There are 2 protein chains.
Amino acid sequence: MVEPRYQRRKEDRPQEISEAAFEVFAAKGYAASRVDEVAKRAGVSKGLLYLYFKTKEELFKAVIKSVVTRRVDALLLAVEETELSSEAFMRGPLLDFMKQIPRSPVAVVVRLLIAEGQRHPDLVDYYWDNVVSKGLTVIARFVERGVERGEFRDTAVRELPQLVLAPMMLSMIWRMLFTKHELDTDKLMDTHIEMILAYIKA
Amino acid sequence: MVEPRYQRRKEDRPQEISEAAFEVFAAKGYAASRVDEVAKRAGVSKGLLYLYFKTKEELFKAVIKSVVTRRVDALLLAVEETELSSEAFMRGPLLDFMKQIPRSPVAVVVRLLIAEGQRHPDLVDYYWDNVVSKGLTVIARFVERGVERGEFRDTAVRELPQLVLAPMMLSMIWRMLFTKHELDTDKLMDTHIEMILAYIKA
DNA sequence: ATACTTACTGACCCAACGGTCATTAAGAGA
DNA sequence: TCTCTTAATGACCGTTGGGTCAGTAAGTAT
């Protein structure tokens, strides 16, 4: 009985290669990653990789997009469908969301974008359209609804949803760089939400 | 009269090369920057560059350090020497500082660190020791002083100075990535300081 | 003037890497 | 079982770019 040298698995290859690429890019950044290494980690020859992805750059873009696309719309739905009060929603689902993101692959994507964004403006656009813009809109709409319901005062937070997310960004950066100096990012965000609520509550 | 082909300026070269390198690294990131281009921009041959810097990596480190070292201690002094009330200091010098940083070369350094930090842990350590750690200590001490004077309540902000700086971080990232979608970062920080003060004022 | 030191140049080296393609063999269909 | 399609391989190629070093000439000392 002869072990076959490889199997043909046309369906699974792109996904497998993309996942391997994510790991390598995450560890080394785009420029320092080697296509050979991606192929090796995917258990595939370099030639095959180039059968599914035209260039290294296209592979990079595909990776970013696949990570982003998978996990965006959960929160967006939650806001629209929740029956919680605005305050309870902020303390609950929104806060949880903010705590999760810095630990998720999204953080890696953000790092890659910061590093390579200047050279891949179309990627930044994509990320803007599919993540940032959506997220900000949702938060803005959520705050507006609070105002309409008389739960919140009409403050600058209404037009600056970034205020809500700022400590999430800081936590992401912190975890990327200063792992050895630990920071209680959960408490950071707890306190921040507390502070915002105290500021905007009617 | 013969124009000399070059001048010997042993004293100035390292500085000039380092400045050129900063520009190139800022524009392209470390990996995508070419030593030849740095040399060209510094008006110098590649060989000379290698006379002053052993490797590209050493050049990178020297650049980061020179940018950082130059502009750190101003704020630190200001806190110790100010005669303003804690609230006035936050609304004044501290707020100004936070508004300036995202527009300064420090922002570039942060981007380079985020991009390359994993591969240069000693650089991250250096940045931690000389910038982040100092900055946080100063803010923490400042808040503590406010508490001691009875101007501030004793809140979590005391042990989480990151709370104060979070919107500054977000503004830095924003300016790096989303230049085309403008954000009023000054207003962002104004509002944030407003919010913190409302939260911690006695 | 002359001899000497050394800052500076730029042609060169070679390993590494992105990308190609002739060849192989897995697996489906008849 | 034979044929045919095409997924997959891996040796190979051209270029790029970090790093070197023999040679040159700017400046200095005598």
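All values derive from a computational prediction rather than experimental measurement. Letters A, B, ... mirror the listed sequences (proteins, then strands); counts begin at 1.
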Heavy-atom nearest nucleotide on DNA chain D taken for B/Ala32 and for B/Gln7; more 5' hit belongs to B/Ala32
Pairs meeting criterion ring pair (Phe, Tyr, Trp, His ring centres under 6.0 Å) with involvement of residues 32-58 of chain A, two or more places apart
none
Rounded distance (Å) that lies between atom P of D/dA8 and atom CZ of A/Arg9:
8 Å
Show me the donor-acceptor pairs within less than 3.5 Å that the side chains of residues 24-31 of chain A make with the rest of the protein, sequence neighbours left out.
| residue | atom | partner | partner atom | Å |
| --- | --- | --- | --- | --- |
| A/Lys28 | NZ | A/Glu37 | OE1 | 3.2 |
| A/Tyr30 | OH | A/Glu57 | N | 3.4 |

Rounded to whole Å, please give me the gap between CZ in B/Phe60 and C1' in D/dG17.
18 Å
Around atom NZ of A/Lys61, are there more than 12 heavy atoms of other residues, nucleotides or ligands at under 6.0 Å?
yes
Pair of N/O donor and acceptor under 3.5 Å linking D/dT16 base with B/Arg34 side chain
no
Specify the separation, in whole Å, of atom CD of A/Glu57 and atom C1' of C/dG19.
14 Å
Rounded distance in Å - CD (B/Glu58) to P (D/dG18):
15 Å
Within 45° of the six-membered ring axis of B/Tyr199 and under 6.0 Å from that ring's centre, is NZ or CZ of B/Arg153 located there?
yes
Indicate whether OP1 or OP2 belonging to D/dT6 is found under 4.0 Å from a side-chain N or O atom of A/Arg8.
no
Any side-chain heavy atom of B/Leu59 within less than 4.5 Å of one from B/Val35?
no
Where at least one partner belongs to residues 88-105 of chain B, residue pairs that pass salt bridge (Lys or Arg N to Asp or Glu O under 4.0 Å), sequence neighbours excluded
B/Glu87-B/Arg91, B/Arg91-B/Glu194, B/Lys99-B/Asp190, B/Arg103-B/Asp186
Between protein and nucleotides 28-30 of chain C, what N or O pairs are separated by less than 3.5 Å?
none

Looking at B/Arg13, does any N or O in its side chain come under 4.0 Å of the phosphate oxygens OP1/OP2 on C/dC8?
yes
Residues in side-chain contact (heavy atoms from CB on, under 4.5 Å) contact with B/Pro161, at least two apart in sequence or another chain:
B/Leu136, B/Ile139, B/Ala140
Plane angle bin for A/Phe60 and A/His120 - parallel if under 30°, tilted between 30 and 60°, otherwise perpendicular
tilted
Quick one: is the NZ or CZ of B/Lys201 closer than 6.0 Å to the six-membered ring centre of B/Phe152, and within 45° of its axis?
no
Could you check how far NZ of A/Lys10 sits from P of D/dT5, rounded to whole Å?
15 Å
Nucleic acid contacts of residues 35-56 of chain A, taken as heavy-atom distances under 4.0 Å to DNA chain D:
A/Val44, A/Ser45, A/Gly47, A/Leu48, A/Tyr52
Give the rounded distance in Å between these two atoms: CD1 of A/Ile17 and C1' of D/dA8.
10 Å
